[in-house]
Chemist: 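Sharing a structure here in structure tokens format.
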2 protein chains.
Amino acid sequence: MSESIPAAHHATILEVAKEAGVSKTSVSRYFGDERERLSRQMQARIAAAAKRLGYRPNQMARGLKGGRSQLIGMLVADIRNPFSVAVMHGVEQACREKGYSLLVCNTDNDPAQERDHLNLLASYRIEGLVINAAGQPSRELRAFARQGTPLVLLDRLLSDFEADVVGLDNAQAIDMAIDHLQHQGYDDVLYLSEPVAQASSRQARLQRFQQRMANEPALNGEAHSLDLDNETQRLPDIITAFLARASHSAPAILCGNGNVTLTVAHVLQDQRIPLGSVGLLGIDELEWCSLVGPGITTLAQPTDAIGRAAVQSLLQRLEKPQRQTPPRRTHYQPRLTPRGSTCRPDTTNQCDPVSQERP
Amino acid sequence: MSESIPAAHHATILEVAKEAGVSKTSVSRYFGDERERLSRQMQARIAAAAKRLGYRPNQMARGLKGGRSQLIGMLVADIRNPFSVAVMHGVEQACREKGYSLLVCNTDNDPAQERDHLNLLASYRIEGLVINAAGQPSRELRAFARQGTPLVLLDRLLSDFEADVVGLDNAQAIDMAIDHLQHQGYDDVLYLSEPVAQASSRQARLQRFQQRMANEPALNGEAHSLDLDNETQRLPDIITAFLARASHSAPAILCGNGNVTLTVAHVLQDQRIPLGSVGLLGIDELEWCSLVGPGITTLAQPTDAIGRAAVQSLLQRLEKPQRQTPPRRTHYQPRLTPRGSTCRPDTTNQCDPVSQERP
DNA sequence: TTGTAGGCGTTATCAA
DNA sequence: TTGATAACGCCTACAA
């Protein structure tokens with residue numbers, strides 16, 4: 001009792017019980033789901049005692065007993081990607097509403113960090129896992145699946161790995177992009193993507209692009225994928241070559257995600273190529289897209305909905321853990337925001353070169 | 001053994017002990033810090049058994065017994081703010097390196113959410129708390145402090161609340177901004193800030209601005225603060241009025257943070273005001289700043305260092321919990337990146353209107 | 001409506 | 001070098 005408080009001291013249920021002069025069961029009931037069953041008096045006594053002592057139930061002890069940690073884990077490949085953050089925001093909101101807390105782990109696209117984080121999440125006995133991570137499923141991830149933890153894959157599926165998937169309707173996104181470019185008079189399209197091996201959504205987009213190009217005699221197509229961390233220097237050449245080849249026509253660049261859009265915008269700026277004369281359309285909406293030149297046309301993903309759907313999918317499996325249920329796929333439609341970057345200057349199009357919208 | 005696995009099943013230390021034919025104490029030692037004390041044989045037996053059963057120590061039980069959750073909490077006012085995310089990234093890295101995990105809570109600038117999250121963090125018995133949140137310290141926050149949990153305030157101090165603080169050297173930031181503007185030939189500065197009541201760093205910046213203006217006879221100054229969520233519509237008028245008043249001179253706008261920069265950039269675009277003719281300088285570096293017009297000049301905060309310093313501060317107090325130690329303040333210097341937005345077009349300045357840097 | 005007793009998975013203390 | 005046993009703080013029967 002004469003401790004010097006070596007670390008933070010937390011009141012326990014027993015201390016509250018003593019302070020209130022009741023049994024710890026009653027205190028437990030008060031803070032659990034059975035507050036109703038206690039008499040007015042008792043409730044008041046406990047409330048007062050708890051307040052006096054600054055008592056907070058210990059979630060560790062709770063989880064230990066009931067086996068329910070009330071924790072959802074989320075694996076994010078790159079926390080600095082605004083898209084990931086936006087989805088994460090939706091995930092967190094949904095978790096809160098359902099009484100769960102979210103434990104977010106950023107892997108920085110590093111498999112080693114991913115494994116570490118998965119071990120960590122396992123040690124906290126998370127009840128569900130939202131994954132937005134790279135390439136091959138690790139041993140640790142398979143362990144989660146095997147052992148019955150509900151999983152949801154965000155934006156990308158994992159090869160040879162069954163789980164619910166929530167994300168964009170990639171085929172439709174590509175279709176909308178191509179249709180828009182074509183409608184605006186562009187007839188030669190360069191599709192740029194990050195390495196497709198790392199994410200199925202990239203693969204799906206690329207595949208659809210090639211498929212469409214094969215079926216549209218009026219359009220020319222070309223696709224490249226490159227690693228933005230190490231191969232950015234290749235980009236100027238790729239673009240220059242494309243423009244040279246397409247000099248007789250109306251060229252446009254389609255960016256597979258927000259990172260690509262950012263990088264391409266830098267290259268075009270360096271080369272003093274005005275947006276619009278070369279069309280530019282990016283998948284993923286970014287807050288600054290309307291600020292660059294005449295504005296960059298984008299396809300926005302409904303990030304909030306995607307995040308919420310992921311949690312819903314998780315909870316559904318949590319409530320009825322019948323493993324039989326086949327994996328579900330939920331795909332959302334993108335929203336097109338036309339801006340000046342897909343408005344050809346030599347046409348009499350009606351598009352306002354400076355869009356007036358606000359973030 | 002013939003269970004239908006109603007929920008995820010996790011092997012326990014006892015199961016591993018049985019499987020290996022040893023006592024659970026030994027297994028505990030193996031996974032704790034005393035693996036050395038075990039014989040080679042024993043280590044091998046346990047490793048094999050654990051692997052066979054897919055055993056992971058239960059962090060809940062661990063935390064319960066030892067009182068150490070290995071968890072650091074972080075309160076973020078707005079997770080969608082790139083600055084916050086960048087700092088958070090540094091915090092997380094540092095935590096990992098020190099064997100702690102990070103529990104991030106986004107408050108969306110909502111005091112109610114902040115209280116909820118603080119209760120949550122308390123219930124998980126976090127050992128330290130990094131705070132980047134609004135205005136007045138809540139009762140919950142004071143509870144943390146009173147009860148001895150180490151706290152670090154990020155970017156903003158809280159009124160009437162003692163704790164370590166890590167952030168930008170705000171006075172110097174303002175000085176650097178004003179010096180740069182003045183050197184570039186601007187002589188009338190409009191300072192725009194989000195509401196200062198919510199964050200001490202805003203207050204410090206504003207105060208220094210006014211102080212400098214009072215002491216520089218060659219400069220005209222004017223400051224406004226406004227709530228970007230509800231008062232954005234006031235901004236065009238403020239800027240128009242400023243430009244009208246400053247029509248005879250060389251006007252510049254200084255933005256108190258990244259959000260303000262974004263909003264101001266939109267307004268200037270809407271009003272077709274070219275950057276440079278009106279100077280624009282923003283505190284906080286953003287990935288798109290070099291893309292807008294001739295590029296927006298910024299003062300970057302060393303986000304990673306700030307995040308790491310916060311954790312270091314925490315751990316220091318965790319290791320020697322002598323409450324006597326007075327609060328420490330760590331301030332970092334910003335880095336100026338000059339771009340076209342602070343290059344007056346009518347001068348013979350050498351500044352390249354389009355900066356060539358990459359993100 | 002309230003209280004008692006046992007156990008959740010782990011570590012710490014003691015003994016062998 | 002190992003093992004038995006008692007906590008840690010809470011919840012959930014069961015009993016009163």
Side-chain angles (χ1 to χ4, degrees), chain A residues 3 6-46 49-50 53-71 122-127 147, chain B residues 3 6-46 49-50 53-71 122-127 147:
Chain A
E3 51 191 335
H9 176 74
H10 294 268
T12 74
I13 205 171
L14 187 60
E15 291 171 336
V16 176
K18 273 185 191 160
E19 174 83 12
V22 302
S23 81
K24 49 181 195 156
T25 308
S26 297
V27 180
S28 173
R29 290 201 173 109
Y30 181 83
F31 285 99
D33 290 328
E34 312 179 83
R35 189 173 298 189
E36 318 296 326
R37 287 174 43 178
L38 301 177
S39 67
R40 284 269 171 247
Q41 282 188 49
M42 171 114 337
Q43 292 193 31
R45 295 173 65 88
I46 295 177
L53 271 49
Y55 171 73
R56 306 270 167 224
N58 183 330
Q59 187 64 34
M60 302 273 171
R62 255 188 188 173
L64 184 53
K65 177 59 186 170
R68 309 221 27 194
S69 65
Q70 300 282 92
L71 243 31
S123 78
Y124 280 102
R125 298 299 187 260
I126 56 165
E127 301 182 38
Q147 156 248 70
Chain B
E3 51 192 334
H9 176 74
H10 295 268
T12 75
I13 204 172
L14 186 61
E15 291 170 338
V16 176
K18 273 187 192 159
E19 174 82 13
V22 303
S23 81
K24 52 182 190 157
T25 308
S26 297
V27 180
S28 172
R29 290 199 172 107
Y30 181 84
F31 286 99
D33 291 326
E34 311 180 84
R35 187 173 301 188
E36 319 296 326
R37 287 175 43 180
L38 269 35
S39 65
R40 283 269 172 249
Q41 282 188 49
M42 172 120 324
Q43 291 192 31
R45 294 175 64 88
I46 295 176
L53 271 50
Y55 170 74
R56 306 267 167 228
N58 184 331
Q59 189 63 36
M60 300 276 167
R62 259 188 184 174
L64 182 55
K65 178 60 186 165
R68 307 223 27 192
S69 65
Q70 300 283 93
L71 245 29
S123 78
Y124 280 102
R125 297 299 185 260
I126 56 164
E127 300 182 40
Q147 156 250 69

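Chain letters run A, B, ... following the sequence lines, proteins first and then strands; every chain starts at 1. Because the structure is predicted, anything quoted here is derived from the model rather than measured.
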Chemist: Under 3.5 Å, is there an N or O donor on one side and an acceptor on the other linking the side chain of A/Arg29 and the base of C/dG3?
Modeler: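 Flag set: donor-acceptor pair detected.
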Chemist: Specify the residue among B/Leu64 and B/Glu36 whose closest nucleotide of DNA chain D lies further upstream toward the 5′ end.
Modeler: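 Result of the comparison: B/Glu36.
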Chemist: Which part of the nucleic acid does B/Ser39 contact within heavy-atom distance under 4.0 Å: base, sugar-phosphate only, or nothing?
Modeler: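 The residue B/Ser39 makes sugar-phosphate contact but no base contact.
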Chemist: Do the non-hydrogen side-chain atoms of B/Arg29 and B/Val22 ever get within less than 4.5 Å of each other?
Modeler: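 They are not in contact (no side-chain heavy atoms under 4.5 Å apart), so the answer is no.
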Chemist: Has the side chain of B/Ser23 got a donor or acceptor atom sitting under 3.5 Å from an opposite partner on the base of D/dA4?
Modeler: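 There is none.
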Chemist: What is the nucleic acid contact for B/Tyr55, judged by heavy atoms within less than 4.0 Å: base, sugar-phosphate only, or nothing?
Modeler: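 Sugar-phosphate, no base atom in range.
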Chemist: Determine the minimum heavy-atom distance between A/His10 and B/Arg125, stating which atoms define it.
Modeler: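 The answer is CG-NE, 3.4 Å.
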Chemist: C/dT10, D/dA13, D/dC10: which one has an atom nearest the side-chain heavy atoms of A/Pro57?
Modeler: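 The answer is D/dC10.
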Chemist: Counting side-chain heavy atoms from CB outward, which of C/dT10, D/dG9, C/dA5 is closest to A/Asn58?
Modeler: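 Between C/dT10, D/dG9, C/dA5, the one nearest the side chain of A/Asn58 would be D/dG9.
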Chemist: Test side-chain contact (heavy atoms from CB on, under 4.5 Å) on A/Phe31 and A/Ile13 and set out the steps.
Modeler: CA-CA 10 Å; A/Phe31 285 99; A/Ile13 205 171; 5.8 Å; no
Chemist: For A/Arg37, report the nucleic acid contact type (base, sugar-phosphate, nothing); a contact means any heavy atom under 4.0 Å.
Modeler: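 A/Arg37: base contact, heavy atoms under 4.0 Å.
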Chemist: Have a look at A/Ser26 and say if it touches a base, only the backbone sugar-phosphate, or nothing, with a 4.0 Å heavy-atom cut-off.
Modeler: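 It contacts sugar-phosphate atoms only.
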Chemist: If you go through the side-chain atoms of A/Lys65, does one of them form a donor-acceptor pair with the base of D/dT12 closer than 3.5 Å?
Modeler: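 Result: no qualifying N/O pair found.
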Chemist: A/Met42 near the nucleic acid: base, sugar-phosphate alone, or nothing, with a heavy-atom cut-off under 4.0 Å?
Modeler: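 It contacts sugar-phosphate atoms only.
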Chemist: Decide side-chain contact (heavy atoms from CB on, under 4.5 Å) for B/Tyr30 and B/Arg45; before the verdict, give the C-alpha distance in whole Å, the side-chain angles of both, and the deciding distance to 0.1 Å.
Modeler: CA-CA 11 Å; B/Tyr30 181 84; B/Arg45 294 175 64 88; over 6 Å; no
Chemist: Write down the distance between OH (A/Tyr124) and P (C/dG9), rounded to a whole number of angstrom.
Modeler: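 So the two atoms are 18 Å apart, to the nearest Å.
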Chemist: So which of A/Thr12, A/Leu14, A/Val16 actually passes side chain to side chain contact (heavy atoms under 4.5 Å, CB included) with A/Val27?
Modeler: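 Between A/Val27 and the candidates, side chain to side chain contact (heavy atoms under 4.5 Å, CB included) is satisfied uniquely by A/Val16.
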Chemist: Which nucleotide, D/dC8, C/dG6, C/dA12, lies nearest any side-chain atom of A/Lys24?
Modeler: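 It is C/dG6.
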Chemist: Quick one: label A/Thr12 by what it contacts on the DNA or RNA (base, sugar-phosphate, nothing), any heavy atom closer than 4.0 Å.
Modeler: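 Counting heavy atoms under 4.0 Å across all strands, the contact made by A/Thr12 is with sugar-phosphate only.
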Chemist: For B/Arg68 and C/dG9, give me the distance from atom CZ to atom P, rounded to whole Å.
Modeler: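 B/Arg68 atom CZ is separated from C/dG9 atom P by 23 Å.
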